[in-house]
*Asks:* 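First the structure, then my questions, so here it is.
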Amino acid sequence: MKLKPRHKRELEHIGRKTQRYIDHLRVYPRANVMLDKVVMAHVSKALNVARGVVCLLNCGLPEEAFAQSRTLVEVGFNLRFITNKDSERRARRFVDYFAVWKAEQIRRALKHFKSDKKDQLGIPLPKYTKAQLQREAPNYAFFARRARKFPNPGSWTQASKKKRGSVWKMAMEPDKHGERDLLGAPATWEFDYDWIYFWTSQYVHATVVSMDSHAVLPTQVFKVYVAPQLGEHTAGLAIFNTALYLSKILAMAFRAIGHDFPSDLSTPLGDLLHELASDEPKFKTSKQTSRN
């Protein structure tokens, strides 16, 4: 998938237009509804990540932009799972996971930076007790109580030790809003997990796949490479992933807060995706769009 300069410009224009639209909409979250707050936070994060992808591409870092696009995939998984069913309960669980982070942060800070016990040289030992946690961090007990509902500190979706919680779980839950696959069954995001999430993950982590374009042969002088062979391919995929998941995220978000996904936003995203998939110019330029 070859990236053309207008693709970056169009995505950047869509991002700005979407932000202006949402800002001018002046939506207020309902006071006692956690879902509204969580949905809006996901939208804000998604738009900032999309902007980051374009910035990385403009800096000539296509593989890093491709890796960044995985964050949008994860935002999409989160929002799909939260808004699919039991939305308010799931939104509150998502927020409560913050307690796991805070409790763990306190434990690790005391482990590495503060200890009552010292070794023979007088250096504090990286150990702590429950009493020390409560003494040094009075709010630890509050976070620890809320964190108990998460049997796996690495997953906010796992509700018990017997039931696994993961991105796979979020992806494979059948759609409850009437979306169907080609066989007529409730749609899942199996492809999104098996292909896009798996592929982008190779570039998020320091795997050999992410190092491949930086390797040199014995006959070559070493220098710092910027994806010399795969750059165009990953750059185009970064834009495609960003446009695709931004479209999905916005559609789910507007539905969750009771608004229609406006055609002023959905149409440019759809046209950009069609352009990238078919490599044929099917959308108006940013200047034409801004005049309409």
*Asks:* Thr200 and Leu237: side chain to side chain contact (heavy atoms under 4.5 Å, CB included), yes or no, with the steps?
*Replies:* CA-CA 10 Å; Thr200 52; Leu237 288 171; over 6 Å; no
*Asks:* Can you confirm whether the side chains of Ser213 and Glu63 place a donor and an acceptor under 3.5 Å from each other?
*Replies:*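 Yes.
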*Asks:* Which heavy atom of Leu57 sits nearest to which heavy atom of Pro62, and what is that distance?
*Replies:*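 Nearest heavy atoms, Leu57 then Pro62: CD2-CA, 3.8 Å.
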*Asks:* Before accepting this row, confirm whether a basic side-chain N of the pair Lys169/Glu173 lies closer than 4.0 Å to the acidic partner's carboxylate O.
*Replies:*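 No, this pair does not count.
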*Asks:* Could you list all the side-chain hydrogen bond (donor to acceptor under 3.5 Å, both in side chains) pairs where at least one residue sits in residues 250-269, not counting sequence neighbours?
*Replies:*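 For residues 250-269: none.
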*Asks:* For the residue pair Trp156 and Phe150, is the inter-centroid distance of their aromatic rings smaller than 6.0 Å?
*Replies:*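 Judged by ring-centre distance (under 6.0 Å), Trp156 and Phe150 do not meet the cut-off.
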*Asks:* Taking all non-hydrogen atoms of both residues into account, name the closest pair between Leu35 and Ser87 and its distance.
*Replies:*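 Minimum heavy-atom contact is CD2-CB, 3.8 Å.
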*Asks:* Considering non-hydrogen atoms only, spot the tightest contact between Ala50 and Thr242 and give its length.
*Replies:*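 Looking at all heavy atoms of both residues, the shortest contact is CB-CG2, 3.5 Å.
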*Asks:* Should Val53 and Phe66 count as side-chain neighbours, where that means a heavy-atom distance under 4.5 Å?
*Replies:*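 Contact flag for Val53/Phe66 side chains = no.
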*Asks:* Measure from the side-chain N and O atoms of Asp175 to the backbone N and O of Gly178, and report whether any donor-acceptor pair falls under 3.5 Å.
*Replies:*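 Yes: the side chain of Asp175 pairs with the backbone of Gly178.
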*Asks:* Checking Asp96 now: which residues fulfil side-chain hydrogen bond (donor to acceptor under 3.5 Å, both in side chains) with it, not counting sequence neighbours?
*Replies:*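 Arg146, Lys149.
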*Asks:* Once rounded to the nearest 0.5 Å, what's the spacing between atom NE2 of His214 and atom CE of Met211?
*Replies:*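 CE of Met211 is found 7.5 Å from NE2 of His214.
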*Asks:* Establish, from distance only, whether the side-chain atoms of Asp36 and Tyr28 form a donor-acceptor pair under 3.5 Å.
*Replies:*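 Asp36 vs Tyr28: no donor-acceptor pair found between side chains.
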*Asks:* Is there a donor-acceptor pair closer than 3.5 Å between any side-chain N or O of Tyr197 and the backbone N or O of Phe77?
*Replies:*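 Not confirmed, Tyr197 side chain does not pair with Phe77 backbone.
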*Asks:* Does any part of the side chain of Leu72, heavy atoms only, come nearer than 4.5 Å to the side chain of Leu244, both counted from C-beta?
*Replies:*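 They are not in contact (no side-chain heavy atoms under 4.5 Å apart), so the answer is no.
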*Asks:* What verdict does the side chain to side chain contact (heavy atoms under 4.5 Å, CB included) test give for Val95 and Val38, after you've listed the backbone C-alpha separation in whole Å, the side-chain angles of each residue and the deciding distance to 0.1 Å?
*Replies:* CA-CA 8 Å; Val95 172; Val38 170; 3.5 Å; yes
*Asks:* Decide if the gap between the ring center of Phe94 and the ring center of Phe81 is smaller than 6.0 angstrom.
*Replies:*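 Centroid distance Phe94-Phe81: not below 6.0 Å, so no.
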*Asks:* Hey, does Val43 have a side-chain heavy atom less than 4.5 Å from the side chain of Ile22?
*Replies:*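 Yes - at least one pair of side-chain heavy atoms lies under 4.5 Å apart.
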*Asks:* Contact between Ile257 and Val39 at the side-chain level, heavy atoms closer than 4.5 Å - yes or no?
*Replies:*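 Yes. Closest side-chain heavy atoms under 4.5 Å.
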*Asks:* What closest approach, in Å, do Thr83 and Ala256 show between heavy atoms, and which atom pair accounts for it?
*Replies:*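 Reported closest heavy-atom pair: CG2-CB, 3.9 Å.
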*Asks:* Just verifying a value: how many Å separate Glu10 CD and Lys17 NZ, rounded to the nearest 0.5 Å?
*Replies:*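 Here the rounded value is 9.0 Å.
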*Asks:* For Glu88, is there an ion pair with Lys37 - N to carboxylate O distance below 4.0 angstrom?
*Replies:*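 Answer for the salt bridge query: no.
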*Asks:* For the side chain of Asn48 and the backbone of Ser44, is there at least one donor-acceptor N/O pair under 3.5 Å apart?
*Replies:*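 Yes; at least one donor-acceptor contact below 3.5 Å.
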*Asks:* Are the side chains of Leu272 and Leu11 in touch, meaning some heavy atoms are under 4.5 Å apart?
*Replies:*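 A side-chain contact under 4.5 Å exists here.
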*Asks:* How far does CD1 of Ile82 sit from CE of Met170, to the nearest 0.5 angstrom?
*Replies:*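 Here the rounded value is 8.5 Å.
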*Asks:* Within the distance-only criterion (no hydrogens, no angle test), does the side chain of Ser247 pair as donor or acceptor with the backbone N or O of Leu269 below 3.5 angstrom?
*Replies:*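 Such a contact is absent between Ser247 side chain and Leu269 backbone.
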*Asks:* Is Trp195 reachable from Val204 through a run of hydrophobic residues whose side-chain heavy atoms are each under 4.5 Å from the next?
*Replies:*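 No, no single cluster joins them.
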*Asks:* Does Lys4 offer a backbone N or O that forms a donor-acceptor pair with the side chain of His7 under 3.5 Å?
*Replies:*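 Yes.
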*Asks:* For the ring pair Phe198 and Tyr193, is the centre-to-centre distance below 6.0 Å?
*Replies:*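 Here the rings of Tyr193 and Phe198 have centres that are no less than 6.0 Å from each other.
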*Asks:* Quiz question: by atom type and distance under 3.5 Å, do the side chains of Arg107 and Tyr140 form a donor-acceptor pair?
*Replies:*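 Tyr140 and Arg107 do have a side-chain donor-acceptor pair below 3.5 Å.
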*Asks:* Side-chain heavy atoms under 4.5 angstrom apart, residues restricted to Ile, Leu, Val, Met, Phe, Trp, Tyr: same cluster for Val75 and Phe98?
*Replies:*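 Per the 4.5 Å side-chain linkage, Val75 and Phe98 are not co-clustered.
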*Asks:* Within the 4.5 Å heavy-atom criterion, are Met252 and His42 side-chain neighbours or not?
*Replies:*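 SC-SC contact between Met252 and His42 ruled out.
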*Asks:* Return yes if some donor-acceptor pair links the side-chain N/O of Ser210 with the main-chain N/O of Thr207 below 3.5 Å, else return no.
*Replies:*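 Between the backbone of Thr207 and the side chain of Ser210 there is a qualifying donor-acceptor contact (under 3.5 Å).
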*Asks:* If you draw a 6.0 Å radius around CD in Gln202, do more than 12 non-hydrogen atoms from other residues or ligands fall strictly inside?
*Replies:*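 Counting other residues, nucleotides and ligands, CD of Gln202 exceeds 12 neighbours.
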*Asks:* Can you check salt bridge (charged side-chain N to carboxylate O under 4.0 Å, His left out) on Glu74 and Arg70, steps first, answer last?
*Replies:* CA-CA 6 Å; Glu74 292 184 87; Arg70 192 191 82 152; 3.4 Å; yes
*Asks:* When rounded to the nearest 0.5 angstrom, what distance separates CD1 in Ile106 from CG in Asn139?
*Replies:*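 Between atom CD1 of Ile106 and atom CG of Asn139 there are 4.5 Å.
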*Asks:* For Arg51, is the CZ atom crowded, meaning more than 12 foreign heavy atoms sit under 6.0 Å from it?
*Replies:*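 Open: at most 12 neighbouring heavy atoms sit under 6.0 Å from CZ of Arg51.
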*Asks:* Does atom CG of Leu217 have more than 12 heavy-atom neighbours, drawn from other residues, nucleotides or ligands, at distances under 6.0 Å?
*Replies:*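 Count over threshold, so yes.
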*Asks:* Going by heavy atoms in the side chains, are Lys248 and Trp189 under 4.5 Å from each other?
*Replies:*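 The answer is yes, as the side chains (C-beta and beyond) meet within the 4.5 Å cut-off.
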*Asks:* Once side-chain hydrogen bond (donor to acceptor under 3.5 Å, both in side chains) is applied, do any residues pair with Thr71, and if so which ones, sequence neighbours excluded?
*Replies:*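 Listed in chain order: nothing, the list is empty.
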*Asks:* Does the ring centre of Trp101 sit less than 6.0 Å away from the ring centre of Phe143?
*Replies:*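 No, too far apart.
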*Asks:* Are any non-hydrogen side-chain atoms of Asp181 and Phe191 less than 4.5 angstrom apart?
*Replies:*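 Asp181 does not reach Phe191 side chain to side chain.
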*Asks:* Working to the nearest 0.5 Å, report the span between CD of Glu64 and CD of Gln68.
*Replies:*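 Rounded to the nearest 0.5 Å, the CD-CD separation comes out at 10.0 Å.
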*Asks:* Does CG in Asn32 sit with more than 12 non-hydrogen atoms of other residues, nucleotides or ligands closer than 6.0 Å?
*Replies:*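 At most 12 heavy atoms, drawn from other residues, nucleotides or ligands, come within 6.0 Å of this atom.
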*Asks:* What heavy-atom pair brings Arg80 and Pro174 nearest, and what distance separates the two atoms?
*Replies:*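 Where Arg80 meets Pro174 most closely, the heavy atoms are NH2-C, 3.9 Å.
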*Asks:* Using 0.5 Å steps for rounding, measure from the NZ atom of Lys8 to the CZ atom of Arg6.
*Replies:*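 These two atoms lie 13.0 Å from each other.
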*Asks:* Determine, stepwise, if the pair Glu275 / Asp271 fulfils side chain to side chain contact (heavy atoms under 4.5 Å, CB included).
*Replies:* CA-CA 6 Å; Glu275 157 90 6; Asp271 290 344; over 6 Å; no
*Asks:* To check you understand the geometry: which heavy-atom pair defines the closest contact between Ala238 and Ser69, and what is its length?
*Replies:*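 Between these two residues, the closest heavy atoms are O-CB, 4.1 Å.
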*Asks:* Between Asp86 and Arg89, does at least one N-O distance fall below 4.0 Å, as a salt bridge requires?
*Replies:*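 Here Asp86 pairs with Arg89 in a salt bridge, since their nearest N and O are under 4.0 Å apart.
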